[in-house]
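The structure appears right after this line, and notes come after that.
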Amino acid sequence: MKKIFAFIVFISIFSSCKKGDLKDIPLEKVWEDPHEKLKKLKEILASNKDGWEYTITYGDHKTVSYGYLGFNTASKSEFVSDFSKNFSSFGTTDYTLAVIQANPSISFKPNSRFSNFAADAKYIDTLWTYKSNVKDTIHMEGEIFGAKMKLFKCSSEKLKKLKSNSINSDVEKIKKLALMPRYFYHFQHGIKTIGLEIDTAIRM
């Protein structure tokens, strides 16, 4: 009797399943389309006519390099870096904005000014993946060495200073400071006297 009852239940379940009962369930879009992200990156870069200051953190010692990228046209950008005299005056560099390996990216062409800077510095990438834009700061990550680049909006005043070789003049000031003898400086802050001692012999 039990076998007959189980058989009847099985048949009723099987017969209730009709062709076409299965429905297509649309997949939820988890990852943002890289082409949409690239479009967003292009819009952000174009949003500031005065271009972008940058810092690049790279290498085991987390060295930081500072400079400027203008992204003036679709393939050429003004470029300057504090890395060395070779790159501390304004020039142009070739670049490409594209989806590379499914990532919205900025790449600098071989033998471009930025690529030569990267080769001299070592551990600086020439292919950068766009990660995010937080409070007007664009975060990029290098694809080979994993260096980190931050782009932040440059003001017209700062751009004028950079174009008038402010990086070179700042370097000269630092050189003069390094040649100064040991001295002691203090100033009053409220009721406190704050002292600063600089020993250029041991760079302290």
Kindly indicate, with the supporting measurements, whether the criterion ring-ring contact (aromatic ring centres under 6.0 Å, His included) is fulfilled by F108 and F117.
-> CA-CA 11 Å; F108 294 91; F117 151 65; 9.2 Å; no
Kindly determine whether K153 and W52 satisfy side chain to side chain contact (heavy atoms under 4.5 Å, CB included), including the steps that lead there.
-> CA-CA 5 Å; K153 288 183 177 180; W52 300 80; 3.6 Å; yes
Evaluate side chain to side chain contact (heavy atoms under 4.5 Å, CB included) for K161 paired with S169, printing each intermediate quantity in order.
-> CA-CA 10 Å; K161 285 183 180 179; S169 62; over 6 Å; no
Report the C-alpha distance between K109 and T96 in whole Å, list the side-chain angles of each, state the deciding distance to 0.1 Å, and finish with yes or no for side chain to side chain contact (heavy atoms under 4.5 Å, CB included).
-> CA-CA 8 Å; K109 296 179 181 179; T96 303; 3.5 Å; yes
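Expressed to the nearest 0.5 Å, how far CD1 of I124 lies from NZ of K122 amounts to 12.0 Å. Note: K40 NZ to E36 CD = 8.5 Å, rounded to the nearest 0.5 Å. A distance of 7.5 Å separates CG of N103 from NZ of K37, quoted to the nearest 0.5 Å.
Following chains of ILVMFWY side-chain contacts shorter than 4.5 Å, one cannot reach I100 starting from L151, and the two form parts of different hydrophobic clusters. Under the 4.5 Å side-chain heavy-atom criterion for ILVMFWY residues, no single connected hydrophobic cluster contains both Y68 and I138. One hydrophobic cluster, built from ILVMFWY side chains closer than 4.5 Å, holds both M149 and I144. Both M140 and V99 are assigned to one and the same hydrophobic cluster, defined by single-linkage of ILVMFWY side chains at heavy-atom distances under 4.5 Å.
Nearest heavy atom pair, residue S89 against residue N165, reads OG-OD1, 3.6 Å. For the residue pair C154 and N48, the shortest heavy atom distance occurs at O-ND2, 3.1 Å. When all heavy atoms of F114 and D125 are compared, the pair lying nearest together is CE2-O, 3.4 Å. For the residue pair T126 and A118, the shortest heavy atom distance occurs at CG2-CB, 3.9 Å. When all heavy atoms are compared, the tightest approach of I167 to S88 is CG2-CB, 3.9 Å. Residues T93 and F79 share a closest heavy-atom pair of CG2-CB, 3.8 Å.
Heavy-atom neighbours of F145 CZ from other residues, nucleotides or ligands within 6.0 Å: above the threshold of 12. No more than 12 heavy atoms of other residues, nucleotides or ligands sit less than 6.0 Å from atom NZ of K150.
Pairs engaging residues 132-141 under the side chain to side chain donor-acceptor pair (under 3.5 Å) rule: none recorded [sequence neighbours left out].
Residues D120 and F87 have side chains in contact (heavy-atom distance under 4.5 Å, counting atoms from C-beta outward). At least one side-chain heavy atom of I106 sits under 4.5 Å from a side-chain heavy atom of L41. Here the side chains of L69 and E78 are not in contact, with every heavy-atom distance at 4.5 Å or above. Looking at heavy atoms from C-beta onward, L38 lies out of side-chain contact with Y130 at the 4.5 angstrom threshold. By the 4.5 Å heavy-atom criterion applied to side chains, N116 and N86 are not counted as neighbours. Taking 4.5 Å as the limit, some side-chain heavy atom of I56 sits within range of a side-chain heavy atom of W128.
Qualifying ring pair (Phe, Tyr, Trp, His ring centres under 6.0 Å) partners for Y54, counting only residues two or more places apart in sequence or in other chains: none.
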What pairs of donor and acceptor atoms, side-chain ones from residues 58-66 against any protein atom, are under 3.5 angstrom apart with sequence neighbours left out?
unit_1, atom_1, unit_2, atom_2, d
S65, OG, D82, OD1, 3.1
Y66, OH, E53, OE1, 2.5
Y66, OH, K158, NZ, 3.2

